[in-house]
Amino acid sequence: AAFYRSVPLAHMWDDHDFGTNDSDSTHRGRDAARLAYRQMVPHHPLVHADEGPINHAFTVGRVRFVLADLRSEKTDATMLGADQEQWLVDELTEASRTHGLVVWVSSVPWIADARAGADHWGGYPEERRRIADALADAGVDNLMMLAGDAHMVALDDGTNSDYSADRVGGFPVVHSAALDRPGGTKGGPYSHGTHPGGGRYVVLDVADDGSGIEVTVRGLTYDGEELLAETFTFGA
């Protein structure tokens, strides 16, 4: 409670705060959840101001944060829905050209083997490939992903995150969890391994000197143990 009272928050839901476990657009509480978010949760301007998914983006310094709603539009055939997929590709592409760094917030794991019905991007391999191809075609090279759902601290340096057809190069993927839940692993492989368990989280320290941006990723426990650390540098 002290943590939540003392820091600014940008909240994007996943299944358990949108609905039930692995819930999607068929959940009977979808409309109520969307309305409650708009009325009760502090947020930056939403792409869809009055109704629809709660996807949005905001800027801090030269860093663009892009939050996709992976629950309220999700069906058996799509994670995002056609409109939100196009918005996401356009937003990531444009932001990569106008900002020094883009942080894409994905509430579910990106790195995972393709498996029909899976509750992560591995369950939507064609949609994932389309997004990866679009990013590769646009030459996006200043992207990081902050991912959730899995109850673990984990880091991939880009070795395993490229799902584009031409395999032109991946991007760092950071998992931050779980503050107050039992541990577990999901997806992978991750170049820096996984650290499942409760009472752990990730900090991204961003240093921008105007010519480049340096991001230091640290995985920590509540009592200060460092689980992993790595630094990434992005050009101007």
Side-chain angles (χ1 to χ4, degrees), residues 8-10 12 44-47 55-70 79-80 84-112 120-121 124 127-150 153-176 187-192 201-219 228-236:
L9 298 176
M12 174 52 68
H44 292 269
L46 303 181
V47 175
N55 52 305
H56 59 285
F58 61 92
T59 296
V60 179
R62 293 199 301 142
V63 182
R64 186 71 166 170
F65 292 88
V66 180
L67 284 64
D69 178 356
L70 306 185
M79 182 83 77
L80 293 158
Q84 191 181 188
E85 180 182 336
Q86 188 61 58
W87 167 82
L88 178 65
V89 168
D90 292 345
E91 177 65 42
L92 294 176
T93 300
E94 179 63 21
S96 73
R97 296 167 179 165
T98 57
H99 294 70
L101 173 66
V102 184
V103 179
W104 173 12
V105 178
S106 170
S107 64
V108 299
W110 172 260
I111 302 173
H120 49 59
W121 281 104
Y124 301 86
E127 191 170 21
R128 179 173 60 180
R129 182 194 53 76
R130 288 196 303 270
I131 295 169
D133 282 346
L135 297 177
D137 291 345
V140 175
D141 61 0
N142 56 346
L143 175 67
M144 294 186 71
M145 175 180 282
L146 179 60
D149 186 48
V153 165
L155 172 64
D156 187 78
D157 60 8
T159 300
N160 303 291
S161 64
D162 184 11
Y163 291 94
S164 65
D166 294 334
R167 295 285 177 169
V168 298
F171 48 84
V173 175
V174 185
H175 273 272
S176 182
Y190 302 97
S191 63
H192 288 55
Y201 60 100
V202 162
V203 172
L204 305 184
D205 288 316
V206 180
D208 183 356
D209 65 2
S211 61
I213 294 180
E214 186 175 89
V215 182
T216 299
V217 179
R218 293 186 297 144
L228 58 80
E230 187 63 80
T231 298
F232 300 93
T233 301
F234 301 89

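- A donor-acceptor pair under 3.5 Å is formed between the side chain of N160 and the backbone N or O of P189.
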Using side chain to side chain contact (heavy atoms under 4.5 Å, CB included), reason through R218 and L228 one step at a time and then give a plain yes or no. CA-CA 6 Å; R218 293 186 297 144; L228 58 80; over 6 Å; no

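- No side-chain heavy atom of T233 sits less than 4.5 Å from a side-chain heavy atom of I213.
- Ring-plane geometry between H44 and F58 is classed as parallel, the angle between the planes falling under 30 degrees on a 0 to 90 degree scale with a further cut at 60.
- S191 contributes no side-chain N or O that, together with a main-chain N or O of T159, makes up a donor-acceptor pair within less than 3.5 Å.
- In terms of the side chain to side chain donor-acceptor pair (under 3.5 Å) criterion, H56 has no residue partners (sequence neighbours excluded).
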N/O donor-acceptor pairs under 3.5 Å from side chains in residues 135-148, not counting sequence neighbours:
| residue | atom | partner | partner atom | Å |
| --- | --- | --- | --- | --- |
| N142 | ND2 | S96 | O | 3.0 |
| N142 | ND2 | H99 | O | 3.1 |
| N142 | ND2 | G100 | O | 3.4 |

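- Every residue meeting the side chain to side chain donor-acceptor pair (under 3.5 Å) condition with Y190, not counting sequence neighbours, appears here in chain and number order: H175.
- Contact check for V102 versus F65: no side-chain heavy atoms found under the 4.5 Å cut-off.
- Under the salt bridge (charged side-chain N to carboxylate O under 4.0 Å, His left out) criterion, D162 pairs with no residue, sequence neighbours left out.
- Closest heavy-atom contact between P172 and F234: CG-CZ, 4.5 Å.
- V103 has its side chain within reach of V63: a pair of non-hydrogen atoms, C-beta onward, lies under 4.5 Å apart.
- A pairwise comparison of heavy atoms in L67 and W87 identifies O-CH2, 3.7 Å as the closest pair.
- When all heavy atoms of G219 and V153 are compared, the pair lying nearest together is CA-CG1, 3.9 Å.
- Across every non-hydrogen atom of S211 and R62, the tightest pair is N-NH2, 4.4 Å.
- The stretch residues 88-104 participates, sequence neighbours left out, in these salt bridge (charged side-chain N to carboxylate O under 4.0 Å, His left out) pairs: R64-E91.
- For D133 against A165, the heavy-atom pair with the smallest separation is OD1-N, 2.7 Å.
- When side chains are defined from C-beta on, H192 does not count as touching D156, because their heavy atoms never get closer than 4.5 Å.
- Side-chain atoms of F232 and L155, non-hydrogen and from C-beta on, do get closer than 4.5 Å to each other.
- A donor-acceptor contact shorter than 3.5 Å links the side chain of E127 to the backbone of L80.
- No donor-acceptor contact under 3.5 angstrom links the side chains of S107 and D149, judged on distance only.
- In this structure D166 satisfies the side chain to side chain donor-acceptor pair (under 3.5 Å) test with no other residue, sequence neighbours excluded.
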Side chain to side chain contact (heavy atoms under 4.5 Å, CB included) between L46 and N55, intermediate numbers included: CA-CA 6 Å; L46 303 181; N55 52 305; over 6 Å; no

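- From H120, atom NE2 reaches atom CD1 of I111 across 11.5 Å, with rounding to the nearest 0.5 Å.
- No donor-acceptor pair under 3.5 Å is formed between the side chain of T231 and the backbone N or O of T216.
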Side chain to side chain contact (heavy atoms under 4.5 Å, CB included) assessment of V108 paired with M79: CA-CA 10 Å; V108 299; M79 182 83 77; 3.8 Å; yes

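- A side-chain donor-acceptor contact under 3.5 Å links R128 to the backbone of W110.
- Under the 3.5 Å distance criterion, the side-chain polar atoms of Q84 are matched with a main-chain donor or acceptor of D69.
- Summarising the geometry of G170 relative to S161, their closest heavy-atom pair is CA-OG, 3.4 Å, with the distance given to 0.1 Å.
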